[in-house]
Amino acid sequence: MTQLTQSATWQQLATHTAALPHMRELFEKNDQRFNAMHLKSCGLLLDYSKNRVNEETLALLFKLANEAQLTDKIAGMFSGDIINNTEQRAVLHTALRSKASQTINAEGQNIVPEVQQTLAKMAEFVEQVQSGQWTGYTGKAITDIVSIGIGGSFLGPKIVTQALRPYWKGLNCHFVANVDATSICEKLKGLNAETTLFVMSSKSFGTQETLTNTLSAKEWFLAQGASQQDVAQHFVAVTSNVAKATEFGMDANNIFPMWDWVGGRYSLWSAIGLPIALVIGMDNFKELLSGAFDMDQHFQQAPLEHNMPVIMGMLSVLYSNFHGAQSHVILTYDHYLRGLPAYFQQLDMESNGKSVTLNGTAVDYSTGPVIWGGEGTNGQHAYHQLLHQGTALIPADFILPLQSHNPLGEHHNQLASNCFGQTQALMQGRTYEEALAEMSSSKLDDAQKQLIAKHKVMTGNKPSNTLLMDKLTPPTLGALIALYEHRTFVQGIIWQINSFDQWGVELGKVLGNDVLDRIGAENDAQALDCSSNSLINLYRQGQI
Ligand SMILES: O=P(O)(O)OC[C@H]1O[C@](O)(CO)[C@@H](O)[C@@H]1O
């Protein structure tokens with residue numbers, strides 16, 4: 001057993017959680033439960049009262065957090081400690097939303113001035129493109145941005161741009177990530193090369209999908225009548241590999257920097273967010289940063305007991321390690337936030353999908369759960385069935401802005417009612433007696449009623465958090481995303497894992513390239529396992 005699972009607090013949590021009454025009972029006995037278990041900060045309200053906790057559970061969870069020296073670890077991340085120990089890097093995405101007056105050192109150097117310079121460069125570029133001063137090769141203003149990237153260099157900009165649709169300033173934005181040619185071909189259909197600007201985002205400038213898509217975009221651009229020297233006007237890059245980007249044909253002035261101390265899935269706050277800024281404007285982009293900054297302050301300063309990311313992170317630990325939960329669902333009751341579950345999936349699963357501790361010991365407890373989800377109310381007519389009556393325990397986060405950007409008749413009342421109704425149903429469930437009573441006026445005979453009642457029973461006691469905001473705005477979105485970033489960090493600290501590397505994903509890249517060589521080779525593949533050899537050879541034949 002590891003020290004963690006042997007610890008007295010861990011053992012106490014195991015005993016305590018097994019004996020905790022049903023949430024229905026906890027609510028019946030305490031009508032102040034919401035008052036005691038909600039928290040407001042950074043434009044967000046977290047109601048965590050519908051969780052399998054009482055004061056003692058929370059006290060034990062905070063004890064566990066203290067034993068993991070969570071407060072010191074938070075301070076360490078913000079001050080640039082090399083916490084990504086396998087890549088020997090600091091983890092300073094928080095510096096990207098810092099104030100100009102701050103000093104934050106990475107490897108002994110204050111990085112705030114570079115961050116500010118990059119923001120200024122972005123602001124200048126955004127202004128030029130939005131105002132029409134930056135023109136395409138025939139002198140026309142830019143109308144469309146095509147953002148090419150993958151993973152962290154794609155999903156953040158895409159989801160944020162989608163979420164902030166009401167703040168768009170006039171430019172259209174299209175995102176290409178998949179190496180499947182269908183993606184880029186479909187996106188380019190209908191675009192005019194004269195008015196299209198490509199933003200190539202790749203920290204390494206070496207990711208196969210992004211390079212291939214960018215080269216295809218360039219070929220398309222040249223095929224439309226543009227020349228090689230027009231490339232610089234239509235292709236800009238965000239990368240830490242300036243040499244490779246200039247080799248590609250980009251003007252060194254149009255290359256926006258990235259740094260080793262920013263992980264891909266934490267990078268939307270950097271120049272990787274350039275497509276966001278082009279679409280919503282630099283002022284709104286800065287508001288997004290300021291919402292995240294507020295959450296950073298809260299995370300660093302609030303006591304653990306009143307700290308939103310800490311509470312959410314520790315609740316996740318509770319369900320993963322003491323209730324056997326293998327997954328966690330994120331349900332956004334806002335159409336603009338429909339992409340957020342996928343973003344949080346990347347954030348959490350790439351960060352906490354680990355099975356050895358920082359010092360290489362195999363864990364003997366569950367780490368990151370599967371994160372999934374979708375938009376309410378659609379899921380209620382599909383997979384919510386399993387949430388209510390399936391055998392797996394799946395903690396849920398419900399996210400709802402109180403005011404809609406599109407107030408229309410009864411829509412928002414219905415949306416909110418569904419959101420609250422779901423959390424209530426999950427918590428209280430329906431007993432056999434209640435199910436039977438509901439059928440009292442039915443003409444069915446008793447045996448049939450009893451049978452159906454059994455099928456209608458919902459055990460309840462299913463945990464959920466509800467996150468509210470007044471309205472979805474750049475700062476509330478910034479705070480919301482930073483909240484989940486820090487929640488992910490908290491879990492990683494308790495589990496003693498490195499939340500900032502991704503060796504599994506890296507292996508996939510290497511093997512993919514190896515297979516590509518074999519697909520293009522002259523002779524049939526033979527050196528791999530028989531399944532891989534056969535699949536490659538079938539592919540070479542082009543038919544089964
Ligand atoms: O920005 P790059 O270097 O193209 O990498 C893209 C993505 O690839 C990964 O390294 C792994 O897929 C992600 O972490 C990263 O965001």
Side-chain angles (χ1 to χ4, degrees), residues 93 96-97 118-119 122-123 125-127 129-130 134 142-178 183-184 186-188 190-191 195-202 210 213 217 236-238 256 258 262 264-292 330 332 334-347 374-375 399 401 405-406 469 471-482 484-485:
H93 48 280
L96 299 166
R97 51 235 191 181
T118 306
L119 284 170
M122 286 169 71
F125 183 69
V126 168
E127 170 57 26
V129 177
Q130 284 191 337
W134 178 289
I142 298 297
T143 56
D144 290 85
I145 309 296
V146 177
S147 170
I148 304 178
I150 199 162
S153 299
F154 151 70
L155 209 48
K158 179 181 166 174
I159 299 310
V160 170
T161 305
Q162 185 179 66
L164 296 178
R165 184 71 183 83
Y167 299 86
W168 285 27
K169 299 268 191 217
L171 291 169
N172 294 314
C173 197
H174 317 267
F175 290 89
V176 176
N178 196 339
S183 173
I184 188 144
E186 285 296 334
K187 289 281 153 51
L188 293 177
L191 289 183
T195 57
T196 301
L197 177 75
F198 294 89
V199 179
M200 193 269 203
S201 303
S202 175
T210 304
N213 277 322
V236 302
V238 184
F256 296 82
M258 262 288 277
V262 186
R265 54 195 173 273
Y266 297 87
S267 65
L268 74 88
W269 323 98
S270 70
I272 292 286
L274 185 62
I276 307 172
L278 282 164
V279 172
I280 64 170
M282 203 60 196
D283 288 349
N284 282 323
F285 185 74
K286 286 189 177 164
E287 289 281 291
L288 180 81
L289 298 184
S290 89
I330 293 170
T332 51
D334 185 296
H335 185 63
Y336 290 126
L337 291 178
R338 62 193 178 280
L340 215 54
Y343 179 74
F344 292 155
Q345 179 180 67
Q346 169 186 275
L347 170 67
E375 69 176 315
I399 302 176
H405 277 284
N406 299 289
M469 64 195 85
K471 198 165 185 169
L472 180 60
T473 61
T476 50
L477 182 64
L480 182 66
I481 295 176
Y484 276 84
E485 286 180 347

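A quick note: this is a predicted structure, and the numbers were derived from the prediction, not measured. Note that these values count all heavy atoms, side chains included, but never hydrogens, waters or copies made by symmetry.
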| request: Determine, stepwise, if the pair Leu289 / Leu96 fulfils side chain to side chain contact (heavy atoms under 4.5 Å, CB included). | output: CA-CA 8 Å; Leu289 298 184; Leu96 299 166; 5.6 Å; no

| said: Could you go through Ile330 and Leu340, starting from their C-alpha distance and side-chain angles, then the distance that decides it, and tell me whether this counts as side chain to side chain contact (heavy atoms under 4.5 Å, CB included)? | reply: CA-CA 8 Å; Ile330 293 170; Leu340 215 54; 5.5 Å; no

| Worked check of ring pair (Phe, Tyr, Trp, His ring centres under 6.0 Å) between Tyr167 and His405 | CA-CA 10 Å; Tyr167 299 86; His405 277 284; 5.7 Å; yes

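With a 4.5 Å cut-off on side-chain heavy atoms, Phe285 and Pro474 do not count as touching. Within the 4.5 Å cutoff, the side chain of Ile145 has heavy atoms near those of the Ile142 side chain. No side-chain heavy atom of Thr143 sits under 4.5 Å from any side-chain heavy atom of Leu197.
Shown here for Ser147 and Pro275, the closest heavy-atom pair between the two residues is OG-CG, 3.5 Å. Taking both residues in full, the closest heavy atoms of Pro401 and Asp334 are given as CG-OD2, 3.0 Å, listed atom of the first, atom of the second, then distance. Considering every non-hydrogen atom in both Met282 and Val126, the closest pair reads N-CG1, 4.1 Å. Here the shortest heavy-atom pairing between Gln130 and Leu171 reads CG-CD1, 4.1 Å. The two residues Tyr343 and Glu485 come nearest to each other via the heavy atoms OH-OE2, 4.3 Å. The two residues Leu347 and Arg265 have their closest heavy-atom pair at O-CD, 3.9 Å.
Side chains of Thr210 and Ser202: a donor-acceptor N/O pair is absent below 3.5 angstrom, by distance only.
Separation of atoms CD1 (Ile184) and CD1 (Ile148) is listed at 4.5 Å; rounding is to 0.5 Å. One finds the OH atom of Tyr336 at 13.5 Å from the OG1 atom of Thr161 (value rounded to the nearest 0.5 Å). Atom CG of residue Asp144 and atom CG of residue Asn172 lie 4.5 Å apart, to the nearest 0.5 angstrom. To the nearest 0.5 angstrom, Glu287 atom CD is 7.5 Å from Thr473 atom OG1. Atoms OG1 and CD1, from Thr476 and Ile399 in turn, are 11.0 Å apart once rounded to the nearest 0.5 Å. Atom-to-atom distance recorded for Leu337:CG and Ile159:CD1 is 9.5 Å, nearest 0.5 angstrom.
Ring geometry for Phe125 against Trp134 counts as perpendicular: the plane angle is over 60°, on a 0 to 90° scale with 30° as the lower cut.
Within a 6.0 Å sphere centred on NZ of Lys158, other residues, nucleotides and ligands contribute 12 heavy atoms or fewer.
Without hydrogens or angle criteria, Arg338 side chain to His335 main chain gives a donor-acceptor distance under 3.5 Å.
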